[in-house]
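Take a look at the structure below.
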Protein chains: 2
Amino acid sequence: MITETKINLSEQTRERLLAAARLVFSENGFQNATVREICRHAEVNIAAVNYHFSSKEALFAATLNFEPLLALCNKINQDSICAQVRLLNFIHDFLIQLLDKKECSVQCQFMARELAEPTPVLGKIVQEAIAPIHQFVANLVREIVGNKISEAELRRCVFSIFGQCVYYRHGQPVIQRLHPNLNYDHQEIKAIAKHIGEFSLAGLKQIAQNKCP
Amino acid sequence: MITETKINLSEQTRERLLAAARLVFSENGFQNATVREICRHAEVNIAAVNYHFSSKEALFAATLNFEPLLALCNKINQDSICAQVRLLNFIHDFLIQLLDKKECSVQCQFMARELAEPTPVLGKIVQEAIAPIHQFVANLVREIVGNKISEAELRRCVFSIFGQCVYYRHGQPVIQRLHPNLNYDHQEIKAIAKHIGEFSLAGLKQIAQNKCP
DNA sequence: AAACGTTTGATACACTTGTTTAATTCCCTC
DNA sequence: GAGGGAATTAAACAAGTGTATCAAACGTTT
(Lines give C-alpha, C1' and ligand atoms only; values in the text may rest on other atoms or scores of the structure.)
Protein backbone atom coordinates (compact mmCIF):
# COMPACT_ATOMS: atom_id res chain seq x y z
CA MET A 1 0.00 0.00 0.00
CA ILE A 2 2.91 2.29 0.71
CA THR A 3 4.35 1.27 -2.61
CA GLU A 4 1.06 2.08 -4.20
CA THR A 5 1.19 5.58 -2.81
CA LYS A 6 4.63 6.03 -4.23
CA ILE A 7 3.63 4.69 -7.57
CA ASN A 8 0.53 6.81 -7.51
CA LEU A 9 2.59 9.93 -7.02
CA SER A 10 4.68 9.12 -10.01
CA GLU A 11 1.60 8.01 -11.86
CA GLN A 12 -0.02 11.30 -11.01
CA THR A 13 2.43 13.40 -13.00
CA ARG A 14 2.33 10.78 -15.72
CA GLU A 15 -1.41 11.15 -15.97
CA ARG A 16 -1.21 14.92 -15.79
CA LEU A 17 1.25 14.81 -18.65
CA LEU A 18 -1.02 12.57 -20.70
CA ALA A 19 -4.00 14.81 -20.10
CA ALA A 20 -2.07 17.94 -20.99
CA ALA A 21 -0.60 16.23 -24.04
CA ARG A 22 -4.04 15.22 -25.27
CA LEU A 23 -5.19 18.80 -24.92
CA VAL A 24 -2.20 20.51 -26.52
CA PHE A 25 -1.79 17.96 -29.29
CA SER A 26 -5.44 18.16 -30.25
CA GLU A 27 -5.32 21.93 -30.33
CA ASN A 28 -2.02 22.45 -32.13
CA GLY A 29 -1.21 19.18 -33.83
CA PHE A 30 1.93 17.17 -33.31
CA GLN A 31 4.42 19.48 -34.96
CA ASN A 32 3.19 22.75 -33.55
CA ALA A 33 2.71 21.44 -30.06
CA THR A 34 5.79 22.03 -27.94
CA VAL A 35 7.02 19.92 -25.05
CA ARG A 36 7.36 23.06 -22.99
CA GLU A 37 3.74 24.04 -23.43
CA ILE A 38 2.58 20.54 -22.52
CA CYS A 39 4.69 20.62 -19.36
CA ARG A 40 3.50 24.10 -18.49
CA HIS A 41 -0.08 22.87 -18.82
CA ALA A 42 0.65 19.81 -16.69
CA GLU A 43 2.61 21.92 -14.24
CA VAL A 44 5.59 19.58 -14.32
CA ASN A 45 9.22 19.99 -15.24
CA ILE A 46 10.29 19.88 -18.87
CA ALA A 47 12.40 16.80 -18.28
CA ALA A 48 9.34 14.85 -17.17
CA VAL A 49 8.38 14.06 -20.75
CA ASN A 50 11.66 12.33 -21.49
CA TYR A 51 11.75 10.69 -18.08
CA HIS A 52 8.30 9.13 -17.99
CA PHE A 53 7.99 8.63 -21.70
CA SER A 54 11.16 8.59 -23.70
CA SER A 55 10.40 11.20 -26.32
CA LYS A 56 7.79 13.60 -27.58
CA GLU A 57 6.78 11.11 -30.23
CA ALA A 58 6.35 8.32 -27.68
CA LEU A 59 4.24 10.64 -25.57
CA PHE A 60 2.07 11.30 -28.58
CA ALA A 61 1.74 7.61 -29.27
CA ALA A 62 0.81 7.05 -25.63
CA THR A 63 -2.08 9.49 -25.91
CA LEU A 64 -3.62 7.48 -28.71
CA ASN A 65 -6.53 5.33 -27.76
CA PHE A 66 -9.06 4.61 -30.42
CA GLU A 67 -11.27 2.34 -28.37
CA PRO A 68 -14.15 4.81 -28.04
CA LEU A 69 -14.06 5.35 -31.78
CA LEU A 70 -14.15 1.66 -32.57
CA ALA A 71 -16.68 1.07 -29.81
CA LEU A 72 -18.94 3.47 -31.67
CA CYS A 73 -18.79 1.25 -34.74
CA ASN A 74 -19.41 -1.91 -32.73
CA LYS A 75 -22.34 -0.36 -30.92
CA ILE A 76 -23.98 0.65 -34.16
CA ASN A 77 -23.21 -2.68 -35.77
CA GLN A 78 -25.24 -4.42 -33.10
CA ASP A 79 -28.35 -2.43 -33.90
CA SER A 80 -30.81 -4.36 -35.96
CA ILE A 81 -32.29 -1.33 -37.64
CA CYS A 82 -31.90 -0.65 -41.33
CA ALA A 83 -28.58 0.46 -42.78
CA GLN A 84 -29.84 3.95 -43.58
CA VAL A 85 -30.66 4.72 -39.96
CA ARG A 86 -27.43 3.14 -38.80
CA LEU A 87 -25.55 5.47 -41.13
CA LEU A 88 -27.43 8.45 -39.77
CA ASN A 89 -26.61 7.39 -36.23
CA PHE A 90 -22.97 6.95 -37.11
CA ILE A 91 -22.72 10.39 -38.70
CA HIS A 92 -24.24 11.93 -35.59
CA ASP A 93 -22.02 10.11 -33.11
CA PHE A 94 -18.97 10.67 -35.26
CA LEU A 95 -19.63 14.40 -35.43
CA ILE A 96 -20.07 14.51 -31.67
CA GLN A 97 -16.66 12.96 -31.18
CA LEU A 98 -15.25 15.23 -33.84
CA LEU A 99 -16.67 18.56 -32.78
CA ASP A 100 -17.93 18.48 -29.24
CA LYS A 101 -15.36 19.81 -26.81
CA LYS A 102 -17.25 18.30 -23.92
CA GLU A 103 -16.55 14.81 -25.15
CA CYS A 104 -13.19 13.72 -23.85
CA SER A 105 -12.48 11.58 -26.87
CA VAL A 106 -9.84 13.65 -28.52
CA GLN A 107 -8.81 10.60 -30.50
CA CYS A 108 -11.20 11.43 -33.26
CA GLN A 109 -9.70 14.86 -33.55
CA PHE A 110 -6.25 13.31 -33.82
CA MET A 111 -7.51 11.21 -36.65
CA ALA A 112 -8.89 14.23 -38.43
CA ARG A 113 -5.74 16.24 -37.94
CA GLU A 114 -3.58 13.39 -39.08
CA LEU A 115 -5.37 13.52 -42.40
CA ALA A 116 -3.70 16.79 -43.25
CA GLU A 117 -0.49 16.71 -41.27
CA PRO A 118 1.17 13.32 -41.30
CA THR A 119 3.26 12.46 -38.25
CA PRO A 120 5.68 9.62 -37.61
CA VAL A 121 2.88 7.59 -36.07
CA LEU A 122 0.51 8.10 -39.01
CA GLY A 123 0.92 4.47 -39.97
CA LYS A 124 -0.36 3.30 -36.61
CA ILE A 125 -3.30 5.70 -36.70
CA VAL A 126 -4.31 4.66 -40.19
CA GLN A 127 -4.05 0.99 -39.35
CA GLU A 128 -5.80 1.06 -35.99
CA ALA A 129 -8.43 3.73 -36.50
CA ILE A 130 -8.89 5.22 -39.93
CA ALA A 131 -8.87 2.00 -41.92
CA PRO A 132 -11.38 0.21 -39.68
CA ILE A 133 -13.74 3.15 -39.55
CA HIS A 134 -13.56 3.63 -43.30
CA GLN A 135 -14.27 -0.07 -43.73
CA PHE A 136 -17.20 0.23 -41.35
CA VAL A 137 -18.77 3.01 -43.37
CA ALA A 138 -17.95 1.21 -46.60
CA ASN A 139 -19.92 -1.80 -45.36
CA LEU A 140 -22.86 0.40 -44.45
CA VAL A 141 -22.80 2.09 -47.83
CA ARG A 142 -22.59 -1.25 -49.57
CA GLU A 143 -25.70 -2.38 -47.71
CA ILE A 144 -27.50 0.75 -48.86
CA VAL A 145 -26.48 0.92 -52.51
CA GLY A 146 -26.33 -2.79 -53.22
CA ASN A 147 -23.76 -4.70 -55.25
CA LYS A 148 -24.15 -2.85 -58.50
CA ILE A 149 -21.61 -0.12 -57.98
CA SER A 150 -17.88 -0.68 -58.31
CA GLU A 151 -15.31 -0.60 -55.54
CA ALA A 152 -14.02 2.73 -56.83
CA GLU A 153 -17.48 4.26 -56.67
CA LEU A 154 -18.04 2.81 -53.23
CA ARG A 155 -14.79 4.37 -52.11
CA ARG A 156 -15.86 7.75 -53.44
CA CYS A 157 -19.13 7.50 -51.57
CA VAL A 158 -17.27 6.84 -48.35
CA PHE A 159 -14.98 9.78 -49.06
CA SER A 160 -17.99 11.99 -49.68
CA ILE A 161 -19.41 11.18 -46.27
CA PHE A 162 -16.15 11.59 -44.38
CA GLY A 163 -15.25 14.68 -46.37
CA GLN A 164 -18.43 16.41 -45.30
CA CYS A 165 -17.92 15.52 -41.64
CA VAL A 166 -14.24 16.28 -41.39
CA TYR A 167 -14.60 19.63 -43.15
CA TYR A 168 -16.23 21.11 -40.09
CA ARG A 169 -13.20 20.27 -38.03
CA HIS A 170 -10.46 20.96 -40.58
CA GLY A 171 -12.00 24.14 -41.77
CA GLN A 172 -12.64 25.51 -38.31
CA PRO A 173 -10.09 28.36 -38.53
CA VAL A 174 -11.56 29.43 -41.85
CA ILE A 175 -15.19 28.78 -40.98
CA GLN A 176 -14.77 30.86 -37.86
CA ARG A 177 -13.69 33.80 -40.01
CA LEU A 178 -16.41 33.24 -42.57
CA HIS A 179 -19.16 32.91 -39.97
CA PRO A 180 -17.85 34.34 -36.69
CA ASN A 181 -20.99 33.70 -34.70
CA LEU A 182 -21.18 29.99 -35.51
CA ASN A 183 -20.16 27.60 -32.77
CA TYR A 184 -20.64 23.91 -32.37
CA ASP A 185 -23.07 23.46 -29.52
CA HIS A 186 -25.11 20.30 -29.27
CA GLN A 187 -27.98 21.80 -31.20
CA GLU A 188 -25.77 22.89 -34.08
CA ILE A 189 -24.04 19.53 -34.21
CA LYS A 190 -27.43 17.84 -34.37
CA ALA A 191 -28.44 20.10 -37.25
CA ILE A 192 -25.18 19.40 -39.08
CA ALA A 193 -25.64 15.66 -38.59
CA LYS A 194 -29.17 15.85 -39.89
CA HIS A 195 -28.04 17.78 -42.94
CA ILE A 196 -25.12 15.51 -43.79
CA GLY A 197 -27.31 12.48 -43.24
CA GLU A 198 -30.10 13.59 -45.59
CA PHE A 199 -27.65 14.95 -48.11
CA SER A 200 -25.65 11.74 -48.17
CA LEU A 201 -28.58 9.33 -48.26
CA ALA A 202 -29.95 11.19 -51.25
CA GLY A 203 -26.53 11.13 -52.86
CA LEU A 204 -26.15 7.41 -52.28
CA LYS A 205 -29.61 6.72 -53.67
CA GLN A 206 -28.72 8.66 -56.80
CA ILE A 207 -25.43 6.82 -57.27
CA ALA A 208 -27.21 3.50 -56.83
CA GLN A 209 -29.96 4.44 -59.29
CA ASN A 210 -27.39 5.42 -61.90
CA LYS A 211 -26.28 1.83 -62.01
CA CYS A 212 -29.75 0.31 -62.00
CA PRO A 213 -31.79 2.37 -64.43
CA MET B 1 17.77 48.55 -72.44
CA ILE B 2 20.88 48.27 -70.35
CA THR B 3 18.80 49.05 -67.33
CA GLU B 4 16.36 46.37 -68.37
CA THR B 5 19.12 43.78 -68.44
CA LYS B 6 20.11 44.70 -64.93
CA ILE B 7 16.57 44.56 -63.68
CA ASN B 8 16.04 41.26 -65.42
CA LEU B 9 19.01 39.73 -63.67
CA SER B 10 17.71 40.76 -60.31
CA GLU B 11 14.22 39.82 -61.41
CA GLN B 12 15.51 36.44 -62.40
CA THR B 13 16.51 35.40 -58.89
CA ARG B 14 13.31 36.99 -57.64
CA GLU B 15 11.28 34.83 -59.97
CA ARG B 16 13.31 31.76 -59.17
CA LEU B 17 12.64 32.40 -55.51
CA LEU B 18 8.93 32.78 -56.12
CA ALA B 19 8.76 29.60 -58.14
CA ALA B 20 10.71 27.64 -55.55
CA ALA B 21 8.62 29.14 -52.77
CA ARG B 22 5.39 28.11 -54.48
CA LEU B 23 6.71 24.58 -54.80
CA VAL B 24 8.07 24.18 -51.29
CA PHE B 25 5.17 25.96 -49.60
CA SER B 26 2.60 23.86 -51.42
CA GLU B 27 4.41 20.68 -50.50
CA ASN B 28 5.23 21.39 -46.87
CA GLY B 29 2.94 24.20 -45.81
CA PHE B 30 4.06 27.50 -44.41
CA GLN B 31 5.43 26.36 -41.08
CA ASN B 32 7.29 23.29 -42.23
CA ALA B 33 8.79 24.96 -45.26
CA THR B 34 12.21 26.40 -44.48
CA VAL B 35 13.85 29.40 -46.07
CA ARG B 36 16.95 27.33 -46.60
CA GLU B 37 15.15 24.67 -48.60
CA ILE B 38 13.48 27.30 -50.75
CA CYS B 39 16.84 28.91 -51.46
CA ARG B 40 18.45 25.56 -52.18
CA HIS B 41 15.66 24.84 -54.67
CA ALA B 42 16.03 28.28 -56.25
CA GLU B 43 19.83 27.96 -56.17
CA VAL B 44 20.26 31.34 -54.56
CA ASN B 45 21.82 32.49 -51.33
CA ILE B 46 19.87 32.35 -48.09
CA ALA B 47 20.00 36.10 -47.70
CA ALA B 48 18.12 36.55 -50.97
CA VAL B 49 14.77 35.97 -49.30
CA ASN B 50 15.23 38.81 -46.86
CA TYR B 51 16.78 41.00 -49.50
CA HIS B 52 14.23 40.69 -52.28
CA PHE B 53 11.29 40.18 -49.99
CA SER B 54 11.66 41.29 -46.44
CA SER B 55 10.69 38.13 -44.61
CA LYS B 56 9.55 34.57 -45.04
CA GLU B 57 5.98 35.66 -44.41
CA ALA B 58 6.16 38.39 -47.05
CA LEU B 59 7.56 35.86 -49.50
CA PHE B 60 4.61 33.63 -48.78
CA ALA B 61 2.21 36.50 -49.28
CA ALA B 62 3.95 37.33 -52.57
CA THR B 63 3.32 33.83 -53.86
CA LEU B 64 -0.39 34.25 -53.40
CA ASN B 65 -2.30 34.98 -56.55
CA PHE B 66 -5.89 33.95 -56.61
CA GLU B 67 -6.73 35.34 -60.01
CA PRO B 68 -6.98 31.96 -61.74
CA LEU B 69 -9.28 30.78 -58.98
CA LEU B 70 -11.55 33.79 -59.25
CA ALA B 71 -11.31 33.73 -63.03
CA LEU B 72 -12.78 30.26 -62.83
CA CYS B 73 -15.84 31.65 -61.06
CA ASN B 74 -16.21 34.51 -63.51
CA LYS B 75 -15.90 32.21 -66.49
CA ILE B 76 -18.61 29.94 -65.19
CA ASN B 77 -20.80 32.86 -64.20
CA GLN B 78 -20.88 34.00 -67.81
CA ASP B 79 -22.26 30.72 -69.03
CA SER B 80 -25.96 30.88 -69.70
CA ILE B 81 -26.59 27.23 -68.96
CA CYS B 82 -28.62 26.08 -65.99
CA ALA B 83 -27.27 26.34 -62.47
CA GLN B 84 -26.96 22.58 -62.10
CA VAL B 85 -24.56 22.25 -65.00
CA ARG B 86 -22.66 25.32 -63.88
CA LEU B 87 -22.17 23.67 -60.50
CA LEU B 88 -20.94 20.49 -62.15
CA ASN B 89 -18.49 22.49 -64.23
CA PHE B 90 -17.26 24.35 -61.19
CA ILE B 91 -16.68 21.15 -59.23
CA HIS B 92 -14.68 19.73 -62.12
CA ASP B 93 -12.51 22.81 -62.66
CA PHE B 94 -12.05 23.26 -58.93
CA LEU B 95 -10.86 19.69 -58.53
CA ILE B 96 -8.45 20.14 -61.41
CA GLN B 97 -6.89 23.12 -59.69
CA LEU B 98 -6.93 21.25 -56.41
CA LEU B 99 -5.49 17.91 -57.45
CA ASP B 100 -3.77 18.13 -60.80
CA LYS B 101 -0.04 18.63 -60.40
CA LYS B 102 0.25 19.66 -64.01
CA GLU B 103 -1.76 22.78 -63.38
CA CYS B 104 0.56 25.47 -62.19
CA SER B 105 -2.11 27.05 -60.00
CA VAL B 106 -0.84 26.08 -56.61
CA GLN B 107 -3.05 28.79 -55.14
CA CYS B 108 -5.92 26.44 -54.72
CA GLN B 109 -3.72 24.10 -52.78
CA PHE B 110 -2.66 26.94 -50.54
CA MET B 111 -6.30 27.61 -49.87
CA ALA B 112 -6.91 24.01 -48.99
CA ARG B 113 -3.89 23.79 -46.75
CA GLU B 114 -4.79 27.00 -45.01
CA LEU B 115 -8.01 25.37 -43.93
CA ALA B 116 -6.15 23.10 -41.58
CA GLU B 117 -3.04 25.04 -40.72
CA PRO B 118 -3.73 28.73 -40.28
CA THR B 119 -0.85 31.08 -41.07
CA PRO B 120 -0.39 34.78 -40.39
CA VAL B 121 -1.81 35.58 -43.81
CA LEU B 122 -4.93 33.47 -43.32
CA GLY B 123 -7.01 36.63 -43.09
CA LYS B 124 -5.92 37.74 -46.53
CA ILE B 125 -6.54 34.32 -48.03
CA VAL B 126 -10.00 34.06 -46.54
CA GLN B 127 -10.91 37.54 -47.67
CA GLU B 128 -9.52 37.36 -51.19
CA ALA B 129 -10.15 33.76 -52.14
CA ILE B 130 -12.13 31.59 -49.79
CA ALA B 131 -14.93 34.00 -49.05
CA PRO B 132 -15.59 34.89 -52.70
CA ILE B 133 -15.49 31.30 -53.85
CA HIS B 134 -17.78 30.21 -51.03
CA GLN B 135 -20.15 33.02 -51.97
CA PHE B 136 -20.01 31.93 -55.58
CA VAL B 137 -21.02 28.40 -54.73
CA ALA B 138 -23.62 29.69 -52.30
CA ASN B 139 -25.22 31.67 -55.12
CA LEU B 140 -25.24 28.62 -57.36
CA VAL B 141 -26.80 26.50 -54.63
CA ARG B 142 -29.40 29.17 -53.96
CA GLU B 143 -30.36 29.12 -57.62
CA ILE B 144 -30.74 25.36 -57.46
CA VAL B 145 -32.61 24.93 -54.20
CA GLY B 146 -34.73 28.09 -54.33
CA ASN B 147 -35.55 30.49 -51.54
CA LYS B 148 -37.22 28.05 -49.18
CA ILE B 149 -34.20 26.92 -47.25
CA SER B 150 -32.57 29.01 -44.53
CA GLU B 151 -29.19 30.66 -44.65
CA ALA B 152 -27.84 28.09 -42.19
CA GLU B 153 -28.98 25.23 -44.38
CA LEU B 154 -27.57 26.94 -47.45
CA ARG B 155 -24.26 27.25 -45.65
CA ARG B 156 -24.26 23.57 -44.80
CA CYS B 157 -24.92 22.68 -48.42
CA VAL B 158 -21.93 24.74 -49.49
CA PHE B 159 -19.81 23.07 -46.82
CA SER B 160 -20.94 19.67 -48.03
CA ILE B 161 -19.73 20.43 -51.53
CA PHE B 162 -16.40 21.90 -50.49
CA GLY B 163 -15.88 19.23 -47.88
CA GLN B 164 -16.15 16.51 -50.47
CA CYS B 165 -13.73 18.23 -52.83
CA VAL B 166 -11.13 19.28 -50.29
CA TYR B 167 -11.06 15.84 -48.66
CA TYR B 168 -9.19 14.44 -51.61
CA ARG B 169 -6.41 16.94 -51.10
CA HIS B 170 -6.37 17.05 -47.29
CA GLY B 171 -6.59 13.35 -46.88
CA GLN B 172 -3.94 12.55 -49.45
CA PRO B 173 -1.37 11.18 -46.96
CA VAL B 174 -4.03 8.94 -45.47
CA ILE B 175 -5.75 8.05 -48.72
CA GLN B 176 -2.42 7.04 -50.16
CA ARG B 177 -1.98 4.54 -47.34
CA LEU B 178 -5.54 3.29 -47.58
CA HIS B 179 -5.42 2.87 -51.35
CA PRO B 180 -1.77 2.86 -52.41
CA ASN B 181 -2.43 2.41 -56.11
CA LEU B 182 -4.77 5.38 -56.42
CA ASN B 183 -3.36 8.47 -58.09
CA TYR B 184 -5.01 11.55 -59.44
CA ASP B 185 -4.61 11.41 -63.18
CA HIS B 186 -6.99 13.32 -65.41
CA GLN B 187 -9.28 10.34 -65.77
CA GLU B 188 -9.54 9.80 -62.03
CA ILE B 189 -10.18 13.50 -61.41
CA LYS B 190 -12.96 13.41 -63.99
CA ALA B 191 -14.49 10.41 -62.25
CA ILE B 192 -14.26 12.12 -58.87
CA ALA B 193 -15.85 15.27 -60.27
CA LYS B 194 -18.67 13.25 -61.80
CA HIS B 195 -19.27 11.47 -58.51
CA ILE B 196 -19.26 14.58 -56.35
CA GLY B 197 -21.47 16.34 -58.87
CA GLU B 198 -24.15 13.68 -58.95
CA PHE B 199 -23.92 13.08 -55.24
CA SER B 200 -24.29 16.75 -54.45
CA LEU B 201 -27.08 17.52 -56.91
CA ALA B 202 -29.10 14.68 -55.43
CA GLY B 203 -28.34 15.97 -51.95
CA LEU B 204 -29.40 19.49 -52.83
CA LYS B 205 -32.60 18.25 -54.41
CA GLN B 206 -33.40 16.33 -51.24
CA ILE B 207 -32.71 19.33 -49.01
CA ALA B 208 -34.91 21.51 -51.21
CA GLN B 209 -37.73 18.97 -51.22
CA ASN B 210 -37.65 18.74 -47.46
CA LYS B 211 -38.70 22.35 -47.32
CA CYS B 212 -41.32 22.11 -50.04
CA PRO B 213 -43.25 18.93 -49.35
C1' DA C 1 38.75 53.12 -67.06
C1' DA C 2 37.06 54.67 -62.55
C1' DA C 3 33.26 55.27 -59.41
C1' DC C 4 28.89 54.24 -58.06
C1' DG C 5 24.82 51.76 -56.35
C1' DT C 6 22.91 47.18 -56.52
C1' DT C 7 23.08 42.33 -55.85
C1' DT C 8 25.28 38.33 -54.00
C1' DG C 9 27.84 35.60 -50.68
C1' DA C 10 29.60 33.42 -46.36
C1' DT C 11 28.98 33.99 -41.74
C1' DA C 12 27.05 35.05 -37.44
C1' DC C 13 23.22 36.26 -34.52
C1' DA C 14 19.18 35.51 -31.57
C1' DC C 15 15.82 32.44 -30.73
C1' DT C 16 13.23 28.03 -30.32
C1' DT C 17 13.08 23.24 -30.57
C1' DG C 18 13.63 18.32 -28.25
C1' DT C 19 16.75 16.18 -25.37
C1' DT C 20 20.28 15.34 -21.76
C1' DT C 21 22.84 16.06 -17.62
C1' DA C 22 23.91 16.30 -12.80
C1' DA C 23 22.47 17.91 -8.58
C1' DT C 24 18.69 18.03 -5.50
C1' DT C 25 14.64 16.52 -3.25
C1' DC C 26 11.48 13.18 -2.02
C1' DC C 27 9.70 8.98 0.12
C1' DC C 28 9.96 4.32 1.58
C1' DT C 29 12.67 0.59 3.82
C1' DC C 30 15.49 -1.02 7.31
C1' DG D 1 16.60 8.36 12.06
C1' DA D 2 19.93 6.83 8.43
C1' DG D 3 20.45 4.84 3.84
C1' DG D 4 19.08 4.29 -0.89
C1' DG D 5 16.55 4.21 -4.90
C1' DA D 6 13.22 6.87 -7.49
C1' DA D 7 11.47 11.26 -9.02
C1' DT D 8 11.97 16.19 -9.73
C1' DT D 9 14.50 20.29 -10.73
C1' DA D 10 17.37 23.84 -13.03
C1' DA D 11 20.62 24.29 -16.30
C1' DA D 12 22.79 23.25 -20.46
C1' DC D 13 23.20 20.93 -24.89
C1' DA D 14 22.95 20.28 -29.96
C1' DA D 15 20.36 21.08 -33.87
C1' DG D 16 17.40 23.88 -36.42
C1' DT D 17 14.90 28.14 -37.41
C1' DG D 18 14.39 33.15 -39.51
C1' DT D 19 17.02 37.16 -39.80
C1' DA D 20 20.96 40.56 -39.94
C1' DT D 21 25.64 41.80 -41.11
C1' DC D 22 29.33 43.27 -43.97
C1' DA D 23 32.58 42.47 -47.33
C1' DA D 24 33.10 40.93 -52.15
C1' DA D 25 31.39 40.83 -56.89
C1' DC D 26 28.65 42.56 -60.37
C1' DG D 27 27.03 45.70 -63.97
C1' DT D 28 26.00 50.48 -65.27
C1' DT D 29 27.05 55.17 -65.62
C1' DT D 30 30.10 58.94 -66.14
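Heavy-atom basis, side chains included; hydrogens, waters and symmetry copies ignored. Letters A, B, ... are given to chains in the order of the sequence lines, protein chains preceding strands, and every chain is numbered from 1.
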Quiz item: Judged by modelled atom types alone, do A:Asp93 and A:Gln97 share a side-chain donor-acceptor pair under 3.5 Å?
Solution: no

Quiz item: Within this structure, what is the CD-to-C1' distance between B:Glu37 and D:dG18, rounded to whole angstrom?
Solution: 15 Å

Exercise. Please state how far atom CD in B:Glu57 lies from atom P in D:dT17, giving the value in whole angstrom units.
Key: 18 Å

Quiz item: Does the pair B:Glu151/B:Arg155 count as a salt bridge with the N-to-O cut at 4.0 Å?
Solution: no

Quiz item: Roughly how many Å is it from CG in B:Asn50 to P in C:dT8, rounded to a whole number?
Solution: 14 Å

Quiz item: Roughly how bent is the helix from C:dA1-D:dT30 to C:dC30-D:dG1 end to end, in steps of 10 degrees, with each end axis from five pairs?
Solution: 20°

Give me the distances for all protein-to-nucleotides 9-13 of chain D N/O pairs that come in under 3.5 Å?
| residue | atom | partner | partner atom | Å |
| --- | --- | --- | --- | --- |
| D:dT9 | OP2 | A:Asn45 | N | 3.1 |
| D:dA10 | N7 | A:Asn45 | ND2 | 3.4 |

Quiz item: Could you give the CZ-to-P distance, from B:Arg40 to C:dG9, as a whole number of Å?
Solution: 15 Å

Self-check item: Distance in angstrom units between A:Tyr51 OH and D:dA7 P, rounded
Solution: 4 Å

Practice problem: Give the rounded distance in Å between these two atoms: CD of B:Gln31 and C1' of C:dC15. | Solution: 15 Å

Quiz item: For A:Arg16 and D:dA7, what is the distance between atoms CZ and C1' respectively, to the nearest whole Å?
Solution: 13 Å

Quiz item: Rounded to the nearest Å, what distance is computed from the NZ atom of residue A:Lys56 to the C1' atom of nucleotide C:dT20?
Solution: 17 Å

